[in-house]
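Computed from heavy atoms alone, side chains included, the values below leave out hydrogens, waters and symmetry copies. Here, residue 1 is the first one in the sequence, and each next residue gets the next number.
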Amino acid sequence: MKRSMLFLLVCGALLTCVAPVAADEDRDFAGMAKVKVLYTDITDGDATVIVEFLAVDRAWKHNEAGDAKHLVGKKFLLMADDNRHQQAVKKVLATLKVGDVVVVDVEQEDEKTLELKELTEEQRKKI
């Protein structure tokens, strides 16, 4: 089986193994989230990372998801935000290993995607 097909099967299984939630229930989360890395794939410098949301570490003022505890246990694709820090964020994503538990500054884009917005001081040291 080709690597790309295997990737799609694995990612599809990981992202669909949680029950869907109400459309707006978990959108607009913005803050620091504690996540566990479930899957990584690094191809041509781009990292695909699937994480499980473990806890809300801190919510930002523009967070519209309330306490966001309903996100705990859900699986997300963690992506680099399309901003001035994108290359640095991609480098940090590439360092993550399955089983790592990290705190990340994210905004939720949709029910299956979190964008990594900024790097913590510890993450900046890795690049």
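There is no path of hydrophobic side-chain contacts, each under 4.5 Å, that joins L71 to W60. Cluster membership for L114 and V103, using ILVMFWY side-chain heavy atoms within less than 4.5 angstrom, is not shared. Note on L54 and V51: separate hydrophobic clusters, where clusters join Ile, Leu, Val, Met, Phe, Trp and Tyr whose side-chain heavy atoms are under 4.5 Å apart, directly or indirectly. In the hydrophobic cluster analysis, where Ile, Leu, Val, Met, Phe, Trp and Tyr join through side-chain heavy atoms closer than 4.5 angstrom, M32 is grouped apart from V102. In the hydrophobic clustering of this structure, V101 does not group with L78; members are Ile, Leu, Val, Met, Phe, Trp, Tyr whose side-chain heavy atoms approach within less than 4.5 Å, directly or through other members.
Residues forming a side chain to side chain contact (heavy atoms under 4.5 Å, CB included) with E121 (at least two apart in sequence, or on another chain): R124, K125. Annotation: side chain to side chain contact (heavy atoms under 4.5 Å, CB included) contacts of V56 (sequence neighbours excluded): F29, F53, A68. Not counting sequence neighbours, E52 has no partner by the salt bridge (Lys or Arg N to Asp or Glu O under 4.0 Å) test. With sequence neighbours excluded, the residues forming a side chain to side chain contact (heavy atoms under 4.5 Å, CB included) with A55 are K34, listed by chain and number. Every side chain to side chain contact (heavy atoms under 4.5 Å, CB included) that V98 has, sequence neighbours left out, goes to T40. K117 is linked by a salt bridge (Lys or Arg N to Asp or Glu O under 4.0 Å) to D81, E107, E115, counting only residues two or more places apart in sequence or in another chain.
How far NZ of K75 is from CD of E111: 14.0 Å, rounded to the nearest 0.5 Å. A distance of 8.5 Å separates CD1 of I42 from CG of L96, quoted to the nearest 0.5 Å. Expressed to the nearest 0.5 Å, how far CG of L119 lies from NZ of K91 amounts to 11.0 Å. In this structure, the separation between CG on D57 and CG on D105 is 10.5 Å, given to the nearest 0.5 Å.
The two residues T120 and Q123 make their nearest non-hydrogen contact at N-OE1, 2.8 Å. The shortest heavy-atom contact between L93 and A80 is CD1-N, 3.7 Å. Minimum heavy-atom separation, A30 to H62: CB-NE2, 3.4 Å. Smallest separation of non-hydrogen atoms from L116 and V89: CD2-CG1, 3.4 Å.
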